[in-house]
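In this chain, numbering begins with 1 at the start of the sequence shown. Predicted model, so just to flag it, every value in this text is computed and none were measured.
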Amino acid sequence: MDLTVIWAFIIAFAIFAYVVMDGFDLGIGILFPTIRVGQGRDRAMNSIAPVWDGNETWLVLGGGGLFAAFPLAYAVILPATYPLIIAMLLGLVFRGVAFEYRWRDPGHRAFWDAAFCGGSLVAAMSQGMTLGALLQGIDVADRAYAGSWYDWLTPYTLLTGVGTVAGYALLGSTWLIWKLEGGAQRHARYLAVRAAIVTIVLMGAVSIYNITLNPEYAERWLTAPELYYAAPVPILTAIIALSMLRAITRDRNSKPFWLAITLFFLGMAGLGVTMWPYVIPPGVTIWDAAAPEKSQIFMLVGVAITMPLIIAYTAWTYWVFRGKVEAEGYH
């Protein structure tokens with residue numbers, strides 16, 4: 001049993017859970033200016049009110065797990081992306097404050113709505129650019145970051161940032177399709193079709209760009225025998241993307257959201273094919289960055305206790321608040 005591989009999958013699961021769970025409420029914030037002021041925005045906010053703060057638990061688990069299980073990766077990735085991480089945290093803070101104060105300060109609701117949208121947009125863009133900065137490679141020398149303050153700012157990271165914004169907008173719009181009715185749901189379908197098209201196009205653009213970043217990336221996707229293992233990912237992605245567009249336009253309720261999550265899962269699988277076994281491309285593997293074995297065992301016991309609890313209370317919350325948000329804004 002390779003504990004390092006187990007921890008790599010635990011961190012990957014936590015990141016995926018955060019992306020899909022916090023992604024749809026960030027997506028609603030991104031789409032907020034397109035939603036009618038008044039009851040439309042209130043219903044959109046109430047659809048995520050019971051779950052949005054719990055969704056961010058996975059960000060804490062992913063970041064904390066990276067620090068504990070792969071301390072070298074944590075020590076290199078953060079200095080390489082400090083401006084992005086700071087921007088992301090500030091965006092999440094603004095979003096959280098706006099979420100609470102738009103109800104308590106109706107006289108300045110327009111300001112808080114703008115802060116909710118702006119915070120969501122900045123957080124999403126920062127997360128996407130951080131992913132891009134990692135994929136394009138980080139300079140490491142003597143087990144420390146050796147690049148400059150602005151190495152993260154490239155055309156590629158801007159592309160991954162915009163792609164993440166579009167993907168979160170897709171998750172947010174499909175969530176609203178599931179949770180709303182009437183005119184608000186029809187508007188969500190209108191948004192979902194456009195967000196889906198943009199997301200699919202940008203996923204393709206990022207995938208093509210990836211091949212040019214690193215010869216090893218190109219080898220994994222374009223040469224045998226690696227090609228045979230990687231080929232199912234783009235094929236399944238195309239099938240799911242077409243199925244999602246069909247579900248959005250054929251008056252399905254929950255199906256578009258689940259298919260959007262599946263699309264994100266396949267995107268993450270593609271990233272796994274591209275990066276494995278590196279945690280910091282192009283030279284630091286998961287084994288190079290891993291904590292000592294005894295530390296991994298100790299932390300694994302804690303995760304074995306806490307992760308099922310997190311999954312259980314998250315599932316219970318979604319179950320309790322299942323169903324549509326009524327016209328008055330309540331479940």
Side-chain angles (χ1 to χ4, degrees), residues 8-9 11-24 26-27 30 56 58-59 61-63 65-67 70 73-74 76-89 91-92 120-140 145 147 150-171 198-214 216-217 220-221 233 237 260-261 263-282 284 286 289:
F9 277 96
I11 301 302
F13 174 78
I15 293 173
F16 175 73
Y18 171 76
V19 166
V20 298
M21 290 186 185
D22 206 33
F24 71 78
L26 284 169
I30 292 167
E56 294 182 354
W58 296 102
L59 178 63
L61 180 60
L66 182 68
F67 172 75
F70 301 100
Y74 186 91
V76 171
I77 293 172
L78 258 70
T81 58
Y82 268 142
L84 296 172
I85 300 300
I86 293 169
M88 179 191 72
L89 294 175
L92 293 175
S120 300
L121 182 61
V122 168
M125 189 73 181
S126 299
Q127 290 171 14
M129 293 183 71
T130 300
L131 173 62
L134 181 62
L135 280 169
Q136 72 182 6
I138 296 175
D139 292 333
V140 180
Y145 176 55
Y150 297 106
D151 281 5
W152 52 269
L153 183 58
T154 65
Y156 177 72
T157 61
L158 291 171
L159 182 63
T160 56
V162 173
T164 301
V165 170
Y168 284 178
L170 172 63
L171 287 172
V198 175
T199 299
I200 294 166
V201 169
L202 289 175
M203 283 183 71
V206 169
S207 299
I208 294 171
Y209 206 145
N210 279 347
I211 297 173
T212 68
L213 288 175
N214 188 322
E216 190 169 347
Y217 293 172
R220 294 185 179 188
W221 286 102
V233 175
T237 299
I261 289 178
L263 191 68
F264 266 75
F265 174 78
L266 290 170
M268 190 163 185
L271 292 177
V273 171
T274 300
M275 291 181 60
W276 183 264
Y278 299 107
V279 65
I280 305 174
V284 180
I286 58 174

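- Listed here is the closest heavy atom pair of Ile286 and Trp276: CD1-CH2, 3.6 Å.
- Minimum heavy-atom separation, Ala123 to Leu92: CB-CD2, 3.9 Å.
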Decide side-chain contact (heavy atoms from CB on, under 4.5 Å) for Thr237 and Ile200; before the verdict, give the C-alpha distance in whole Å, the side-chain angles of both, and the deciding distance to 0.1 Å. CA-CA 9 Å; Thr237 299; Ile200 294 166; over 6 Å; no
Asp151 vs Ile138, test: side-chain contact (heavy atoms from CB on, under 4.5 Å). Steps then yes/no. CA-CA 8 Å; Asp151 281 5; Ile138 296 175; over 6 Å; no
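- Met275 contributes atom CE, which lies 8.5 Å from atom CD1 of Ile280 (distance to the nearest 0.5 angstrom).
- If you check the side chains of Thr157 and Gln136, you find no donor sitting under 3.5 Å from an acceptor.
- Residues Met125 and Val162 approach most closely at SD-N, 3.6 Å, considering heavy atoms.
- Contact record, Tyr217 with Leu135: OH-O, 2.9 Å, taken as the closest heavy-atom pair.
- For Tyr156, the OH atom sits in a packed shell: over 12 heavy atoms of surrounding residues, nucleotides or ligands are nearer than 6.0 Å.
- Distance check: Leu202 CG to Thr164 OG1 gives 9.5 Å after rounding to the nearest 0.5 Å.
- Across all non-hydrogen atoms, the minimal contact from Asp139 to Tyr145 is O-CD1, 3.4 Å.
- With hydrogens and angles left out, the side-chain atoms of Trp152 and Thr130 include no donor and acceptor closer than 3.5 Å.
- If you check the side chains of Asp22 and Tyr168, you find no donor sitting under 3.5 Å from an acceptor.
- Across every non-hydrogen atom of Pro282 and Gly137, the tightest pair is CD-CA, 4.3 Å.
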